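See below for the structure under consideration.
All residue numbers refer to positions in the sequence shown, counting from 1. Small disclaimer: the values here were computed from a predicted structure and weren't measured.
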Amino acid sequence: MKNTLYKALAIVTLSISLFSCSNDDDNNAVTGNGNITLKFDNAYGANDLILNTQGNTTSNNEVLKISLVKYIVSNVVFTKADGTTLTYPKSKSYFIADESTAAGQQFQLTDIPAGDYVKVKFGIGVDEEQWKLGASGQGDFLAQADAADLMWSWAAGYKFLAFEGTFTSATVENPTPFMIHTGKTGTDYNYTDVTLDLPTKALVRSDITPAIHIVTDLSKIIDGQNKIKLSDNNMGGMGAMIMGGANLPLITQNIRAMFKIDHVHND
């Protein structure tokens, strides 16, 4: 009789416990919307980037002083821990990273469904589908890009990345300008995208705005998988100008590998 009573009590206790856990899960369900901040920290190799004064040496022993870095970040997609993805609205998904301004170093993405995010994907440049919508289909971003000098012309399209400064080398003794602009050239569109795993989950909540800190290693533009010598592209008085030709697709391949996640803040 006692055994039967003990068994009955155990069943009741287990049922109460399971019901309580179920209620706790319901109460702790992640709901609502929040925001995510993407922070882009430009570096050259292992060093934080300093414009205009810092000498940056390539594997080809060319020394660069960088004066301008701008690139278009676009088409952001987040992946949750359960594998589902969130594509940020295309109409809001174009940003201009600019080393010279505080506003150009971080971007807040709003109305993100609450959840635990483990991956981010973004493009560098404006995708061809968007460009084919014509000037009237670009919304406010066309004026923003034009004001940032990230347009060649409408027919020529956007500059996806602008990387400029001066360089010296064994054959170029005096500081000489260099200018690298990627974008649509001939049959090469040169848009690329980047997918990065987060080292810790970005916990989006109505009261938590994660900041994803992305380091951009600019050395990889000409000193990544593909090595590009500015000296070989020096046009005398004009300097080294790379805005098309066989080097641009190689530079686009390099750009894909120049981003990494440093850390995630969940504050």
Side-chain angles (χ1 to χ4, degrees), residues 30-42 70-98 101-148 150 157-161 182-183 189-216 252 255-267:
V30 178
T31 59
N33 291 335
N35 303 322
I36 292 180
T37 300
L38 297 180
K39 293 187 175 182
F40 287 85
D41 184 3
N42 292 313
K70 295 180 183 181
Y71 45 91
I72 296 173
V73 178
S74 62
N75 298 319
V76 180
V77 178
F78 296 105
T79 300
K80 282 187 175 182
D82 64 6
T84 59
T85 59
L86 167 71
T87 299
Y88 196 62
K90 198 173 180 70
S91 60
K92 301 194 296 181
S93 201
Y94 295 90
F95 311 93
I96 296 174
D98 181 353
T101 69
Q105 296 178 36
Q106 63 180 36
F107 313 106
Q108 188 170 92
L109 284 66
T110 59
D111 298 319
I112 306 295
D116 299 350
Y117 292 87
V118 298
K119 187 177 297 187
V120 61
K121 176 182 176 182
F122 53 87
I124 297 299
V126 174
D127 53 291
E128 192 168 14
E129 178 185 353
Q130 177 70 16
W131 179 73
K132 286 181 175 178
L133 293 177
S136 61
Q138 305 305 304
D140 295 337
F141 186 71
L142 180 61
Q144 295 174 31
D146 194 38
L150 287 178
Y158 293 94
K159 301 174 189 175
F160 300 161
L161 173 141
T182 71
Y189 196 74
N190 294 309
Y191 171 88
T192 191
D193 55 44
V194 180
T195 301
L196 301 171
D197 294 323
L198 306 186
T200 55
K201 295 176 182 176
L203 308 178
V204 177
R205 306 290 188 270
S206 59
D207 58 347
I208 298 176
T209 298
I212 300 174
H213 190 127
I214 302 166
V215 173
T216 306
T252 299
I255 288 171
R256 188 179 297 125
M258 73 179 186
F259 299 93
K260 69 175 184 179
I261 305 292
D262 187 73
H263 59 270
V264 177
H265 282 299
N266 287 300
D267 297 327

Mind checking the [atom1]-[atom2] spacing from [X] to [Y]? Nearest 0.5 Å is all I need.
X: L86; Y: L109; atom1: CG; atom2: CG; answer: 9.0 Å
X: Q108; Y: N35; atom1: CD; atom2: CG; answer: 4.0 Å
X: D98; Y: I96; atom1: CG; atom2: CD1; answer: 8.0 Å
X: Q105; Y: T216; atom1: CD; atom2: OG1; answer: 10.0 Å
X: T200; Y: H265; atom1: OG1; atom2: NE2; answer: 9.5 Å
X: N42; Y: I214; atom1: CG; atom2: CD1; answer: 11.0 Å

Would you name the heavy atoms of [X] and [Y] that are closest together and state the gap between them?
X: T110; Y: K92; answer: OG1-NZ, 3.4 Å
X: D197; Y: K119; answer: OD1-CE, 2.8 Å
X: K201; Y: N266; answer: O-ND2, 2.9 Å
X: F259; Y: Y71; answer: CE2-CE1, 4.0 Å
X: L203; Y: P210; answer: O-CG, 3.4 Å
X: V204; Y: P113; answer: CG1-O, 4.0 Å

Do the ring planes of H213 and H263 sit parallel (below 30°), tilted (30 to 60°) or perpendicular (above 60°)?
->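 Answer is tilted, since the angle falls between 30° and 60°.
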Does [X] have any side chain to side chain donor-acceptor pair (under 3.5 Å) partners at least two apart in sequence or in another chain, and if so, which?
X: K90; answer: N75, Y94, D127
X: Y117; answer: none
X: D140; answer: none
X: S74; answer: none

Does the side chain of T252 come within less than 4.5 Å of F160's, by heavy atoms?
->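 Sidechains of T252 and F160: no contact.
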Any side-chain heavy atom of Y189 within less than 4.5 Å of one from W131?
-> yes
Are a donor atom and an acceptor atom from the side chains of Q138 and Y158 found within less than 3.5 Å of each other?
-> yes
Could you give all pairs that pass the salt bridge (charged side-chain N to carboxylate O under 4.0 Å, His left out) test and reach residues 255-267, with sequence neighbours left out?
-> none
After noting the C-alpha distance and the side-chain angles of Y88 and V120, does the key distance pass the side-chain contact (heavy atoms from CB on, under 4.5 Å) rule?
-> CA-CA 11 Å; Y88 196 62; V120 61; over 6 Å; no
Could you check F78 against L198 for side-chain contact (heavy atoms from CB on, under 4.5 Å), going step by step and ending with a plain yes or no?
-> CA-CA 10 Å; F78 296 105; L198 306 186; over 6 Å; no
May I ask you to decide if [Y]'s main-chain N or O and [X]'s side chain share a donor-acceptor pair within less than 3.5 Å?
X: K70; Y: A148; answer: yes
X: S93; Y: V76; answer: yes
X: Q130; Y: G137; answer: yes

Pair M258-I124, side-chain contact (heavy atoms from CB on, under 4.5 Å): steps then yes or no = CA-CA 11 Å; M258 73 179 186; I124 297 299; 5.8 Å; no
Give the intermediate values and the outcome of side-chain contact (heavy atoms from CB on, under 4.5 Å) for residues T182 and T192.
-> CA-CA 11 Å; T182 71; T192 191; over 6 Å; no
By salt bridge (charged side-chain N to carboxylate O under 4.0 Å, His left out), D116 pairs with (sequence neighbours left out) R205
Is the ring centre of F107 less than 6.0 Å from the ring centre of F122?
->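 That pair fails the under 6.0 Å test.
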